[in-house]
Each structure stands twice: as C-alpha cells, then as structure tokens.
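Please read these numbers as outputs of a predicted model, since none were measured by experiment.
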Amino acid sequence: MDWATAASLATAGGTLVLAIATFASIRSANKSARTAERAARIAERSLMAGQRPLLVGSRMGDADQEIQFAEGNLFQVPGGGASLKIADSAIYLAASIRNVGSGLAVLHGWHILLERPNERTHPPLEDFIPQIRDIYVAPGDNGVWQGAFRDPDAEIFKAVRTAIEACDLVVLSLLYGDFEGGQRVISQFSLRYQAGEQPDSTGRWLASAARHFNVDRPDPR
C-alpha cells in the first residue's frame with residue numbers, strides 16, 4: 001500500500017468517526033430537547049391544575065348565607081340549597097355553592113333549563129346570561145350564585161314562574177373559569193323542591209351538582 005492510499009483511508013476513517021460523533025451529539029441534543037419540552041408541558045399542566053376551580057353544591061350542614069339584590073331585597077340561602085323567589089316584576093334566583101377545586105372561581109354567566117337534559121351536552125355559550133357583577137368563590141370556600149329575571153312579559157319569565165309555583169325541576173348551568181379567564185367550565189345543578197316533613201311545615205329547594213363540562217380543554221367523557 002502506497003502513502004496516497006493510506007492517507008485516503010485515514011481521511012475516510014476520520015470522516016466516518018466525525019460523522020458518528022456528530023450523529024450521536026445531535027441525537028443526544030434532540031433527546032434532551034424532547035425531555036425539556038416534556039418537562040415544560042408537565043410544569044405548565046401542574047400550574048394550570050393549581051389554578052383550576054370546580055363548583056359543586058355546598059353541604060347541607062353549612063351555614064345559611066345572606067345575599068342582596070340590586071333592588072335591596074335580602075334573602076337567606078341555606079347550605080346545600082337554593083332560594084327561588086317570585087315578585088311582581090322580578091324572579092330572584094340564588095344557590096349555595098362550594099369550590100372544591102384548587103383555584104379561584106370567577107363566574108361568567110348562567111342558564112336556566114326547565115326540563116331534564118336528554119343528552120350529555122351543555123347549552124350553547126351564546127345562550128348564557130352574563131353576570132351583572134363578578135362573583136368570586138375562593139378554593140375550599142362557600143359562595144352564593146345569584147341571578148334574576150326582570151321582564152314579566154318575556155316567555156322565559158312566565159315559564160320559570162310556572163315551574164317555581166309548581167315546584168318542578170329547574171336545571172341551572174353556571175359558566176365560570178379561573179382568575180385569568182381561562183380553563184372555563186360549565187357545571188349543571190339540579191334545583192329540586194323538597195316538601196316539609198310535616199304537613200304544615202315549609203319545604204325547601206335543594207341544589208346539587210349533576211354534571212361538569214370542560215369548555216377550553218378536552219372533556220374527560
């Protein structure tokens with residue numbers, strides 16, 4: 001073997017070793033990048049989970065809460081229950097709720113349905129009535145949702161009035177999210193009238209969470 005052939009083989013060998021080293025380096029870098037990206041996604045999900053609220057009905061043994069509407073009307077809302085009051089020009093609705101999530105709940109809007117939903121679906125977002133004022137429920141704490149119908153000539157006003165007077169089922173859907181306005185959830189509550197234990201005793205409306213829907217994230221079902 002002459003020197004020219006030996007030099008060519010040495011050069012080829014060196015190039016091969018360099019190529020292998022470069023490939024290994026790139027592969028290691030890509031693996032590190034994927035690991036870093038996976039860690040970032042896990043950290044982001046953990047952060048979002050720490051800010052995620054979830055509303056359910058409060059417990060029956062929880063204390064009553066007093067709320068006031070714009071007209072100055074004061075109402076007592078019992079733990080685990082709701083208050084549905086009919087006046088001449090308004091229908092006042094309130095429900096005792098509890099935030100069992102780890103983040104602050106900010107209520108955005110509400111929707112009333114006067115029959116049991118036939119499908120596992122929530123009302124369209126455009127059908128929700130926006131809250132007049134912000135309602136906040138801290139994690140691990142109780143709060144009160146409130147809303148009102150104030151147009152006696154509206155069909156929904158008449159329908160809700162008839163349902164309340166007949167003590168029929170009222171389905172309340174609440175739209176809410178975290179303090180940044182994201183991670184929106186719709187929680188549906190069944191408002192049912194429970195008659196008093198004695199013939200002459202007054203009954204009460206009970207509020208219990210029935211179903212939850214994710215708006216900004218894939219639904220678990």
Side-chain angles (χ1 to χ4, degrees), residues 53-101 103-114 122-123 127-152 154 156-179 181 184-196 201-212:
L54 183 65
L55 297 179
V56 298
S58 64
R59 295 166 294 199
M60 296 285 291
D62 289 338
D64 294 357
Q65 300 182 77
E66 186 176 71
I67 60 168
Q68 184 178 33
F69 284 84
E71 294 82 354
N73 308 69
L74 292 173
F75 296 103
Q76 292 286 336
V77 184
S83 177
L84 286 67
K85 304 292 185 181
I86 301 174
D88 293 337
S89 59
I91 297 177
Y92 302 103
L93 311 171
S96 180
I97 53 180
R98 181 177 180 83
N99 185 1
V100 297
L104 179 69
V106 182
L107 276 72
H108 300 164
W110 54 283
H111 178 277
I112 292 293
L113 183 67
L114 301 177
H122 59 77
D127 290 350
F128 278 75
I129 301 173
Q131 297 290 155
I132 295 178
R133 64 178 182 83
D134 291 339
I135 298 178
Y136 306 93
V137 185
D141 200 3
N142 289 352
V144 177
W145 164 81
Q146 62 183 109
F149 293 105
R150 293 184 169 89
D151 184 4
I156 185 63
F157 187 102
K158 300 173 183 178
V160 172
R161 178 173 189 147
T162 299
I164 294 174
E165 291 175 340
C167 300
D168 291 339
L169 171 69
V170 177
V171 178
L172 167 67
S173 294
L174 296 181
L175 172 64
Y176 58 96
D178 59 26
F179 70 93
R184 292 176 299 171
V185 177
I186 294 174
S187 293
Q188 286 185 342
F189 295 81
S190 295
L191 308 183
R192 298 178 181 274
Y193 185 79
Q194 182 184 57
S201 61
T202 304
R204 57 178 289 180
W205 287 89
L206 302 179
S208 59
R211 192 166 293 152
H212 306 280

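- Note that CG of N142 is 11.0 Å distant from CG of D64, once rounded to the nearest 0.5 Å.
- Within the 4.5 Å cutoff, the side chain of V170 has heavy atoms near those of the L114 side chain.
- Ring orientation note: the planes of F75 and Y92 are tilted relative to one another, at an angle of 30° to 60°.
- Using a 4.5 Å heavy-atom cutoff, the side chains of Y176 and I135 are not in contact.
- R161 is not listed as a side-chain neighbour of F149, based on a closest heavy-atom distance of 4.5 Å or more.
- Atom CG in D127 sits 11.0 Å away from atom NE2 in H122 (nearest 0.5 Å).
- Residue V106 comes nearest to D178 through the heavy atom pair CG2-O, 3.9 Å, listed as atom of the first residue, atom of the second, then distance.
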Please walk me through it: do L107 and V137 pass side chain to side chain contact (heavy atoms under 4.5 Å, CB included)?
CA-CA 8 Å; L107 276 72; V137 185; 4.3 Å; yes
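- The structure places CG of D62 at 9.5 Å from CG of D141, a figure rounded to the nearest 0.5 Å.
- If you take CG on L175 and OG on S187, they are separated by 9.5 Å, rounding to the nearest 0.5 Å.
- Heavy atoms of other residues, nucleotides or ligands lying less than 6.0 angstrom from CD1 of I132 number 12 at most.
- In this structure, L93 and I164 have side chains that are in contact, with non-hydrogen atoms separated by less than 4.5 Å.
- For the residue pair D151 and F157, the shortest heavy atom distance occurs at O-CB, 3.1 Å.
- In plain terms, the two heavy atoms of H212 and L55 that are nearest each other are CE1-O, 3.0 Å.
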Decide side chain to side chain contact (heavy atoms under 4.5 Å, CB included) for M60 and L206; before the verdict, give the C-alpha distance in whole Å, the side-chain angles of both, and the deciding distance to 0.1 Å.
CA-CA 9 Å; M60 296 285 291; L206 302 179; 4.0 Å; yes
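- The neighbour count for K85 NZ, taken as heavy atoms of other residues, nucleotides or ligands under 6.0 Å away, does not exceed 12.
- A donor-acceptor pair under 3.5 Å is absent between the side-chain atoms of S190 and the main chain of V171, judged by distance alone.
- In this structure, Y193 and W205 have perpendicular ring planes: the angle between them is above 60°, well past the 30° mark.
- When all heavy atoms of R150 and A90 are compared, the pair lying nearest together is CG-CB, 4.1 Å.
- In this structure, OG on S173 lies 9.0 Å from CZ on F189, to the nearest 0.5 angstrom.
- Between Y136 and F179, the ring centre distance reaches or exceeds 6.0 Å.
- Between Q188 and P123, the closest side-chain pair of non-hydrogen atoms falls below 4.5 Å.
- Here the closest non-hydrogen pair linking A207 and A82 is CB-CB, 4.3 Å.
- Between Q146 and Q68 the shortest heavy-atom distance is NE2-O, 3.4 Å.
- Here the straight-line distance linking atom NE2 of H108 with atom CD1 of I186 works out to 11.0 Å at 0.5 Å rounding.
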